[in-house]
Structure formats: C-alpha cells, structure tokens
Amino acid sequence: PIIYAITPTFSRPVQKAELTRLAQTFLHIPNFHWIVVEDSSSKTKLVTRFLENSGLIYTHLAVITPPNYKLGRTDANWKKPRGVEQRNAALRWLRENLKPTDNGIVYFADDDNTYSIKLFYEMEKIKKVGVWPVGLVGGLMVEKPICDNVTNKVIGFNAGWKPDRPFPLDMAGFAINLRLLLEHKDAEFSYDVEGGYQESEILRQIVTRDELEPLADCCMKVYVWHTRTEDPKLKMEQLLIKKGRRSNIGIEV
Ligand code: UGA
Ligand code: MN
C-alpha cells in the first residue's frame, strides 16, 4: 500500500525546522505520499520551496482555519481543536483523487511529533484501523490500547485523560485503511465536539472498538512520541526589528 500521511502545518518560527525533521524521517519510507495542508489562505513560498526540494512525493494544499475557530496567542491550547479544516481538506483530496481499488493507508501526522521509521512498517498490515501506543501524551509516559496477547485484540485503553471517550487515543495513535475512508465518504472531523474528541469523531464514523487492530508488538512498543516544540525566545530579534533590522535578511530560517 501507499502510505498517505496528512500533516496540517502553520507559519511560525519553528515551522521549517519541524518540516525538515519530518521530511527526513519520511524519506526513509518507501511508497510514501505526504499531504501537507497549510493553515493559510494560500500556499506560502516557504512551504512550496520546501516541498519542491524535499525529494518526497507530495500534495500541497492550503485552507485557512475560520477566525472564530482559530486559537488566539494567549488561549490555552485545549480551548479549540487544531487541524480540523486542514485534515478535512486532505480527506476531500483523497476522495476526489483516488479510486476504491487503490491500496492505501491514511495517517494523521502532526508536524511536531517524533516518528520512528518502524511505525510506518507496522501500518502496512492494516485492514481497517490499526492502533498503537503513543509516548508522552495525555499526562502519561505512554497512552496505549490494552492488547490481549492470546487473542491479539484490543480489550481496553489505559488513558487517564478523558478515559470515557469512545476511542481514547491521540491522533498519532492510529491509521486507517484508505478503503474505509472511501466507503464512508462523509466521515470527517468536526468543530461540534468536545475538546479531545476529534480522534473519536472520525473513528466512530468508520469502525467499532472491537475491529481495531493492535500493532507494535501487541501495543508493547512505542514508535511515536507526542513531542511539542517550545516557542523560541526571540527577544533580541524583536529589538533588532524595532531598529528596522533583522538577523535573517535574505536568509530563510
Ligand atoms: C493534540 C493532538 O495530538 C492533535 O492531533 C489534535 O489536533 C490536538 O491535540 C487538538 O486537540 O486539536 P497538540 O500537540 O496540542 O495535539 O496540537 P498541535 O500539534 O499544536 O496541532 C496539531 C496540528 O495542527 C499540527 O500539525 C499543527 O501544525 C497544526 N496546526 C496547529 C494548524 O494547522 N494551525 C494552528 O493554528 C495550530
Ligand atoms: Mn502536537
């Protein structure tokens, strides 16, 4: 199968660094197609150039989050969901451009997480929806499905944060067989759900809990980490900007 990784991304000082880290992981994966969706009204020069030079097979889209759903600079990050508009645009692209006979796996790969190459080899086995542990999320070292090693079935979840969610998983903790998304052509993310329910929202439309396929050694291996990048301190840069200068004139950072 081809692995379609959907990455929402937005302009900020660390953007190119994040995308570089991702691209250099993805270059190791055969049969990989990166769908990068900018949270922006049009495609930016930085991301356009970046993708052209990445060496990856990719699709570049741009769709802006409506202002009433955009997180303010001082808002706590749980207040509004991120990536909804962008992931839905990518789902539309898949449905408009791929055929039911195409063999693919769809993964939502945020731009700040850390991915092991091994994760993508696991995904190739997915018939419906594959699930696995995610490190450093939900207030735990690892948030994971609980896998019965006799039946190799998911029998529960260890989540501590909102454990009553229909699918108490992080976005990084599952991937979907393309066929399911083409069959359920209205399945998408929504603004009308409680914080932390995006994953449950898409999954409840396409799969049941007992159909989940535990991967990564019956969910005993961690191949993805929900890392979050600190905002860089740019005090000196701001001082320069006040004086009409900057450190990066003619230099893309
Ligand atoms: C957690 C989950 O891991 C996300 O998959 C989920 O979308 C998010 O919560 C949520 O509740 O909406 P978190 O690390 O808090 O993740 O989210 P971010 O990494 O800040 O954002 C998720 C993705 O959306 C990233 O790829 C980011 O680049 C993108 N994003 C973020 C935008 O496209 N626009 C924004 O304004 C902010
Ligand atoms: Mn994140």
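When reading the values below, keep in mind they use all heavy atoms of this one structure, side chains included, and skip hydrogens, waters and symmetry mates. These numbers were taken from a predicted model, which means no experiment stands behind them. For this chain, numbers begin at 1 and follow the sequence in order. Remember, it's 1-based here, ligands and their atoms both numbered in the order they're listed.
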For this session: Would you indicate which of Q86, R228, Q15 comes nearest to atom 14 (O) of ligand 1 when only heavy atoms are counted?
Result: R228
Exercise. Among K80, R12, R82, H226, whose heavy atom sits nearest atom 37 (C) of ligand 1?
Worked result: R82
Expected output: side-chain [X] to main-chain [Y] donor-acceptor under 3.5 Å:
X    : Y    : value
E213 : V129 : yes
D217 : C219 : no
R165 : K162 : yes

Taking 4.0 Å as the limit for heavy-atom contacts, which would you say applies to [X] with ligand 1: side chain only, backbone only, both, or neither?
X   : result
R87 : side chain
E38 : neither
K70 : side chain
E18 : neither

Enumerated ligand 1 atoms positioned under 4.0 Å from heavy atoms of [X]:
X    : value
M171 : 5 (O)
D170 : 2 (C), 3 (O)
D112 : 14 (O), 19 (O)
T9   : 28 (O), 33 (O)

Does an N or O anywhere in [X] fall below 3.5 Å from an N or O of ligand 1?
X    : value
T65  : no
Q198 : no
D39  : yes
P81  : no
D111 : yes

Exercise. Is the shortest heavy-atom distance from the side chain of I2 to the side chain of F32 under 4.5 Å?
Worked result: no
Exercise. Quick one: does E252's side chain get under 4.5 Å of R49's, heavy atoms only?
Worked result: yes
For this session: Measure the OG1-CG distance between T7 and L22 for me, rounded to the nearest 0.5 Å.
Result: 5.5 Å
Problem set entry | Single hit among Q15, Q86, H60 for side chain to side chain donor-acceptor pair (under 3.5 Å) with E38 |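 Of Q15, Q86, H60, side chain to side chain donor-acceptor pair (under 3.5 Å) with E38 is met by H60 alone.
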For this session: Scan D39, D231, D111 and name whichever one has a salt bridge (Lys or Arg N to Asp or Glu O under 4.0 Å) with R12.
Result: D111
Problem set entry | side-chain hydrogen bond (donor to acceptor under 3.5 Å, both in side chains) between E85 and Y191, intermediate numbers included | CA-CA 9 Å; E85 212 69 35; Y191 289 111; 2.5 Å; yes
For this session: Look at the N, O or S atoms of D112, main chain and side chain alike, and state whether any lies under 2.8 Å from the Mn ion (ligand 2).
Result: yes
Exercise. Counting only heavy atoms not in I57, do more than 12 fall under 6.0 Å of its CD1?
Worked result: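 Count not over threshold, so no.
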